[in-house]
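Keep in mind that this is a model prediction, so the values were computed, not measured. Residue numbers start from 1 in every chain, and the chains themselves are labelled A, B, ... in the order their sequence lines are given, proteins ahead of strands.
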Amino acid sequence: MLDIKLIREQGERLHNQLNRRGPGTAQDLDRLIEIDAERREALNKSQTLKNKKKTLSAEVGKLKKQGENADALMAEVKQINAEIDEWDGKADALDEELRTTLLNIPNIPSDTTPDGADESQNEEIRKWGEKPSLDFEPKNHLELGEALGILDMKRAVKISGARFAVFRGQGAALLRALIQFMLDTQTRENGYEELYPPVLVNEDSLKGTGQLPKFEEDLFKLRDDELFLIPTAEVPVTNYHRDEILPEESLPVKYAAYTLCFRREAGSYGKDTQGIIRQHQFDKVELVKFVKPETSYDELENLVTHAESILQKLGLHYRVVNLCAGDLGFSAAKTYDLEVWLPSQNTYREISSCSNFTDYQARRAMIRTKSKDGGKPELVHTLNGSGLAAGRLFVAVLENYQQADGSIQIPAPLQPYLNGKERISK
RNA sequence: GGAGAGGUGGCCGAGCGGUUGAAGGCGCACGCUUGGAAAGCGUGUGUAGGCUAAUCCCCUACCGAGGGUUCGAAUCCCUCCCUCUCCGCCA
């Protein structure tokens with residue numbers, strides 16, 4: 001969430017910046033400033049009275065000890081208590097309103113986030129590699145996978161419903177190989193520590209990273225327990241340090257975590273209904289960093305290269321896109337998407353999203369740092385990026401490495417993970 | 001799931017209705033001492049909010065969380081969460 005002090009002092013500037021996300025985004029800002037002023041007034045009144053109450057109560061204690069009558073003072077405190085309740089009630093209500101309003105305002109886009117209303121106005125930063133030259137009509141991953149017997153969508157529908165898949169035989173092995181390859185790369189070459197967190201999390205965690213309260217409809221929630229299935233490992237991993245103060249010398253803290261991810265995909269009916277591009281359940285290796293504020297934009301560039309390294313090793317053509325303000329996620333200040341080439345769709349598809357959340361998540365989750373030589377604790381900046389989405393990587397490998405006969409050539413770096421196997425065929 | 005014990009500052013640990021934001025110890029920081037170090041001595045050492053030019057003062061809140069009783073609660077009562085021990089169940 002945003003800093004109320006910043007809003008108090010620079011409301012006008014924030015107003016313009018927020019509205020880059022879309023008209024009306026900043027509409028609550030003025031009301032917020034009002035609430036804040038009223039809240040502080042009520043707080044002041046209550047605190048002054050509490051101070052008086054404390055003094056008088058101590059006085060009562062003294063009198064009683066001396067065996068004297070303190071009825072008058074006690075009556076006075078009772079009176080003060082009534083007034084305190086009144087001001088506290090006001091302050092609490094205003095505080096609550098302030099908090100909910102604040103929780104529903106997104107992060108401020110970075111100055112380096114381009115203007116634009118939707119994805120058509122995202123800015124292409126660079127391309128890597130080349131499209132595969134296929135001298136035959138490319139099939140899509142679904143045709144390939146089903147023909148090879150490595151993807152079973154039909155039975156997935158039977159056991160779970162739409163937007164689920166069963167990976168079978170060589171397919172299951174390939175998926176597992178991709179996950180392990182990604183984890184190994186990030187932990188051995190890029191300095192991330194591996195974390196294997198729970199996929200069921202509580203409400204506080206989802207508030208910390210910004211999925212709640214605004215996006216509850218995107219999540220799977222348990223019926224009998226106050227727990228949600230995570231939509232991304234970002235949630236448990238970022239909240240790993242919730243309410244903590246990290247020593248400055250430990251930064252940057254870097255984690256790589258493989259988890260299942262679960263998304264209801266509400267409101268995306270009709271989109272990507274074919275194949276495994278958009279699933280209710282998918283696998284992802286997520287990279288999360290906690291960094292010193294002044295380094296966060298450099299750390300973002302760095303994070304993107306870590307995600308890119310997977311695609312490069314696998315020889316997959318992709319491009320890097322800087323999301324425009326209108327396409328930016330709720331908690332992010334700046335996001336680079338990695339889009340991998342899919343021959344069957346003749347287009348680039350998102351396979352990773354790398355974001356700098358500045359202090360927005362850190363303020364919600366109270367993740368701070370403190371330097372050795374004293375001073376106040378300061379909010380860290382948090383970042384995360386997919387490194388990468390395994391299901392979509394599976395799609396990319398199938399489609400880009402397909403052969404005329406429908407078999408799949410396995411990229412060399414993956415072969416050790418598949419018992420040296422070079423090809424998936426019937 | 002059942003029975004019992006317990007959750008106090010970075011850590012250990014006292015307090016069980018008033019002067020306790022919290023004794024004492026450890027740790028840490030700075031200073032004195034020293035050729036240097038240890039020991040010793042001294043000082044300091046939580047977080048949030050308010051006030052403020054201020055990370056100085058001052059005020060308010062916080063002893064797992066939330067309610068309640070009381071003039072006054074870390075201390076009493078209720079609910080919940082978590083940890084530990086035993087039993088049950090279980091991959």
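For Y297(A) and H381(A), the ring centers sit 6.0 Å or farther from each other.
Using a cut-off of 4.0 Å between Lys/Arg side-chain N and Asp/Glu carboxylate O, K313(A) and E189(A) are scored as salt-bridged. The residues D204(A) and K207(A) are annotated as not salt-bridged, no charged nitrogen and carboxylate oxygen being separated by less than 4.0 angstrom. Comment: E286(A) engages K284(A) in a salt bridge, judged by a side-chain N to carboxylate O separation of less than 4.0 angstrom. Classification of E265(A) and K271(A) as a salt-bridged pair fails, no side-chain N sitting under 4.0 Å from a carboxylate O. A salt bridge is defined here as a Lys NZ or Arg NE, NH1 or NH2 lying under 4.0 Å from an Asp or Glu carboxylate O, and R99(A) with E96(A) fails to meet this definition.
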For nucleotides 53-77 of chain B, give me one character per nucleotide, 5' to 3': B if any protein heavy atom sits under 4.0 Å from the base, S if the only such contacts are to the sugar-phosphate, - if neither. ------BSS---------BS-----
side-chain hydrogen bond (donor to acceptor under 3.5 Å, both in side chains) for T382(A) and Q361(A)? Distances and angles first, verdict last. CA-CA 7 Å; T382(A) 58; Q361(A) 291 181 329; 2.8 Å; yes
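rG9(B) and rG27(B) have their C1' atoms separated by 13 Å, with the value rounded to a whole Å. Taking the C1' atom of each, rG42(B) and rA54(B) are spaced 28 Å apart, rounded to whole Å. Annotation: rG6(B) and rG17(B) have their C1' atoms spaced 22 Å apart (nearest Å). The same atom, P, is picked in rU19(B) and in rA74(B); the two are 9 Å apart, to the nearest Å. The same atom, P, is picked in rG44(B) and in rA53(B); the two are 29 Å apart, to the nearest Å. The separation of rC77(B) from rC16(B), taken at their C1' atoms, amounts to 14 Å, rounded to a whole angstrom. Nucleotides rA38(B) and rC26(B) are separated by 16 Å at their P atoms, to the nearest Å. For rC32(B) and rA37(B), the P atoms lie 11 Å apart once the distance is rounded to whole Å.
Summarising the geometry, the separation between CG on D225(A) and P on rC81(B) is reported as 11 Å, rounded to the nearest angstrom. At whole-Å resolution of the value, NZ in K65(A) and P in rU19(B) are 8 Å apart. Nucleotide rG9(B) holds its P atom 14 Å from the CD1 atom of I245(A), rounded to whole Å. When rounded to the nearest whole Å, the span between CG of L94(A) and P of rG49(B) equals 17 Å. Summarising the geometry, the separation between CG on D243(A) and P on rC82(B) is reported as 16 Å, rounded to the nearest angstrom. In this structure, CG of L102(A) is placed 13 Å from P of rG49(B), rounded to the nearest angstrom. For the pair D36(A) CG and rG49(B) C1', the interatomic distance rounds to 11 Å; values are reported in whole Å.
Within the 4.0 Å cut-off from OP1 or OP2 of rA48(B), at least one side-chain nitrogen or oxygen of R368(A) is found. Between R40(A) and rG49(B) there is no side-chain polar atom (N or O) within less than 4.0 angstrom of OP1 or OP2.
Qualifying ring-ring contact (aromatic ring centres under 6.0 Å, His included) partners for F282(A), counting only residues two or more places apart in sequence or in other chains: none.
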Run the side-chain donor-acceptor check on residues 108-118 of chain A: report pairs under 3.5 Å with partners two or more places apart or on a different chain.
from	atom 1	to	atom 2	distance (Å)
S110(A)	OG	T112(A)	N	2.8
S110(A)	OG	T112(A)	OG1	2.7
T112(A)	OG1	K334(A)	NZ	3.0
T113(A)	OG1	A333(A)	O	2.9
D115(A)	OD1	R20(A)	NE	2.8
D115(A)	OD1	R20(A)	NH2	3.3
D118(A)	OD1	S120(A)	N	2.9
D118(A)	OD1	S120(A)	OG	2.5

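Rounding to the nearest 0.5 Å gives a distance of 9.0 Å between CG of L183(A) and OH of Y258(A). A distance of 8.5 Å separates CG of D3(A) from CG of L102(A), quoted to the nearest 0.5 Å.
Looking at heavy-atom distances under 4.0 Å, R99(A) makes no contact with the nucleic acid at all.
For residues 52-72 of chain A, no residue pair satisfies the ring pair (Phe, Tyr, Trp, His ring centres under 6.0 Å) rule, not counting sequence neighbours.
The stretch residues 198-205 of chain A has no heavy atom under 4.0 Å from RNA chain B, so no residue of it qualifies as close.
Taken together, the paired segments of RNA chain B that extend over three or more consecutive Watson-Crick or G-U pairs, each closer than 3.5 Å at both contacts, are B:1-7 with B:81-87, B:10-12 with B:24-26, B:27-32 with B:40-45, B:46-50 with B:58-62, B:64-68 with B:76-80.
Set against rG50(B), rA48(B), rG46(B), the side chain of K5(A) has rG50(B) as its closest nucleotide.
Taking the six-membered ring for Trp and thresholds of 30 and 60 degrees, H241(A) and F290(A) have ring planes more than 60 degrees apart, a perpendicular arrangement.
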